[in-house]
Amino acid sequence: MDYKKLADLLYPNAKDIEYYEKKYPERNLKEGAEVCRFAPSPTGRVHMGNLFASFVPEVFAHQSGGVFILRIEDTDQVRILENGVQLIYDDLKTYDYQIDESPLDGGEYGPYVQTERKEIYEAYAKYLVSIGRAYPCFCSAEDLDAMRKRQEERKEQIGYYGKYAKCRNLSLDDVKKHLDNGDKFVLRLKSMGDPDKKFVFKDLIKGAIELPQNNLDQVLIKSDGIPPYAFAHVVDDHLMHTTTVTRDDSYISSVPYHMELWDAFGFKKPKFAHLLPINIKDGDIIRKISKRKDPWAAISYHHENGIPVEAVKLYFATLLNSNFEGWLLQNPDKSYRDFKFTFDKMSKSGSLFDMEKLTNISKNYLSKLKASEVFELLSTWAEEFDKDFYDLINNYKDYTIRVLNIEREQKKPRKDFAFYSEIKNHIWYMFDELFTDVEYDFGVNTIDNVKEIVNLYVKNYYNADDDKDTWFNKIKALSDELGYASDMKAYRENPEGYKGSVADVSNIIRVALTTKSMTPDLYEIMNILGKDRVLDRLNRVNNL
RNA sequence: GGCCCAUUGGUGAAAUGGUUAACACAUAGCCCUCUCAAGGCUACAUUCAUGGGUUCGAAUCCCAUAUGGGUCACCA
């Protein structure tokens with residue numbers, strides 16, 4: 001059989017692969033720089049699962065001074081989504097992923113959408129035919145069904161191989177006849193594998209894995225002229241000079257086939273890292289994150305609830321390498337970008353998404369920021385999801401920052417909130433605009449008691465210029481004057497001897513000023529509220 | 001069903017043949033304290049899915065079983 005002739009017959013117009021090999025030369029990168037890619041199908045929005053799957057290559061590429069590529073795998077025309085590319089791109093950008101090459105950014109190694117690479121695939125398909133490693137198959141869907149049935153009945157391996165691969169033996173004339181007839185064909189790999197023999201390869205995460213060799217004559221080019229995943233990924237990753245392929249671990253079982261393809265071409269193989277999916281515990285069942293069943297996993301959910309982008313990434317970093325957490329504890333001022341991640345520290349068994357852990361990480365993250373930084377993040381969130389609040393805090397920007405700064409600039413700052421959507425609940429009472437139609441709950445204290453305390457405090461004690469010690473000494477003095485214990489220890493030893501304690505007194509003032517019985521430091525709150533607001537609010541209580 | 005992978009506390013996990021199985025989250029209690037939020041301290045796996053073996057010694061190596069996951073397309 002003259003394979004060259006067959007190749008010309010099948011793909012008369014395809015270019016020589018030399019053309020593409022020259023067009024996409026080796027990258028000029030420093031030693032050790034990784035080229036990694038995220039290669040999703042544009043079938044929907046990104047969720048926590050694939051956001052993590054894209055976090056990994058992004059981090060490995062950039063920590064090594066390499067390149068991160070977004071490539072769109074849209075060879076399955078049935079499932080693609082209108083503007084799916086843009087959606088994925090936007091989602092990744094929301095999380096500040098640095099994308100070096102993509103359909104939207106362009107790049108020297110494009111196009112980055114597979115359906116736009118049809119010509120390239122054709123050239124490489126032709127090449128494989130010309131060296132005798134691929135052949136056209138004219139079997140119909142019915143033929144294949146019949147074959148499968150027969151194999152099932154005989155309990156034989158299912159698929160197109162060996163004696164079942166009848167189009168392997170088509171002569172040049174047979175092929176010509178089919179072509180003249182206008183018959184559609186798929187291109188198949190002429191596999192040389194033996195399933196009784198082992199194929200061993202080393203995965204960056206899982207280590208050595210043994211699988212049977214591939215012997216299936218898999219489809220390389222579909223009848224519509226577009227390749228399925230395997231062929232496309234080999235050509236793309238070769239031409240884009242990917243150094244490490246990260247992908248879902250469901251591809252593991254087809255690795256022998258993929259490797260046979262790489263070898264058939266004679267290309268230098270990249271390293272492979274098969275990622276375990278992030279799972280979720282649903283009752284007793286552990287399953288992959290699902291877009292439909294897990295609304296909390298959607299990026300839009302995180303967006304609406306104001307879950308900080310950075311917190312999600314810190315959480316991903318702890319999933320990626322569990323020793324990251326300890327490192328961050330030792331280096332609280334550093335970014336995850338400064339940590340050296342490795343594949344061998346990755347989990348081999350898939351982890352559960354833990355919202356509580358994310359919450360904790362987020363609290364810690366926000367507590368370390370400056371008040372002005374929290375303000376900006378909050379403002380950006382509120383602009384989209386709480387316009388009234390956005391207007392309010394921006395009208396009183398400096399004031400809001402002071403509020404956000406309460407007990408922040410200290411060794412162990414407060415950790416009140418994890419998400420932007422929670423902040424309003426913690427600070428609303430600081431704004432007169434929101435301090436309307438309020439209801440007070442003074443607990444066991446009678447309203448006369450409350451008025452007595454508030455009155456006396458305003459009349460004899462309150463001075464907006466007091467420093468913290470003076471302020472508190474006055475609260476104590478007020479307590480003494482009214483028969484409340486100013487010393488908590490004394491009170492605890494003899495609770496019957498007093499009307500209450502300084503805790504009760506300050507709490508009455510606290511509720512009068514904020515309606516809340518639990519707030520941050522009262523002195524700071526009064527300080528920021530300022531004299532006018534304090535007096536106004538205390539008077540309101542007096543007029544109840 | 002064949003093949004592949006995994007299995008350490010409520011959760012994420014460390015440990016890669018050698019003392020009491022790190023650490024973090026969650027939970028509970030105590031301390032501190034004007035309330036919170038923090039912070040400090042303490043408790044929480046007689047045991048690493050189960051059973052057998054190898055070894056002076058096993059969570060770590062081997063075998064079987066169980067459970068969970070993946071994969072067997074002109075889908076990725």
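Every chain is numbered from 1 and lettered A, B, ... according to where its sequence line falls, protein lines coming before strand lines. Computed from a prediction, not measured in an experiment: that's the story for all the values here.
- The CD1 atom of Ile252(A) sits 20 Å away from the P atom of rA76(B) (whole-angstrom rounding).
- Judged by the 6.0 Å distance and 45° axis criteria, Arg247(A) is not positioned over the aromatic ring of Phe272(A).
- Using a 4.0 Å heavy-atom criterion, one finds that Tyr251(A) contacts the bases of the nucleic acid, with or without backbone contacts as well.
- Comparing Gln410(A) and Leu522(A) by the nucleotide of RNA chain B whose heavy atom lies nearest to each, the residue mapping closer to the 5' end is Leu522(A).
- Here the C1' atom of nucleotide rC75(B) and the NE2 atom of His233(A) are 15 Å apart, to the nearest Å.
- Residue Thr75(A) is classed as a sugar-phosphate contact, given heavy-atom separations below 4.0 Å to backbone atoms only.
- To the nearest 0.5 angstrom, Ile525(A) atom CD1 is 7.0 Å from Leu529(A) atom CG.
- In this structure, Arg71(A) fails the cation-pi test against Phe38(A), since its NZ or CZ atom is not both closer than 6.0 Å to the six-membered ring centre and inside 45 degrees of the ring normal.
- Within the shown strands, rG70(B) is the pairing partner of rC3(B) under the Watson-Crick or G-U definition, both distances less than 3.5 Å.
- Remark: P of rC74(B) and CG of Asp74(A) are 19 Å apart, rounded to the nearest angstrom.
- No contact: Lys184(A) has no heavy atom under 4.0 Å from any strand.
- rU35(B) sits 29 Å from rC44(B) when the C1' atoms are compared, rounded to a whole Å.
- Under the 6.0 Å cut-off for aromatic ring centres, Phe417(A) and Phe419(A) do not qualify, their centroids lying 6.0 Å or more apart.
- Put simply, CG on Leu216(A) is 16 Å from C1' on rC75(B), counting in whole angstrom units.
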Quick test: give all pairs of protein nitrogen or oxygen and nucleotides 38-45 of chain B nitrogen or oxygen below 3.5 Å, distance rounded to 0.1 Å.
{"residue": "rG39(B)", "atom": "OP1", "partner": "Lys415(A)", "partner atom": "NZ", "Å": "3.1"}

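- When Watson-Crick and G-U wobble pairs are counted only if both distances are under 3.5 Å, rA64(B) pairs with rU50(B).
- Asp521(A) comes within 4.0 angstrom of a base, heavy atoms only.
- Counting any heavy atom pair closer than 4.0 Å across all strands shown, Val219(A) reaches sugar-phosphate atoms only and no base atom.
- Along RNA chain B, the nucleotide closest to Leu211(A) and the one closest to Glu356(A) are compared, and the more 5′ of them pairs with Leu211(A).
- Residue Glu210(A) is in sugar-phosphate contact alone, with no base atom involved, counting any heavy-atom pair closer than 4.0 Å across all strands shown.
- Residues Tyr462(A) and Trp471(A) keep their aromatic ring centres 6.0 Å or farther apart.
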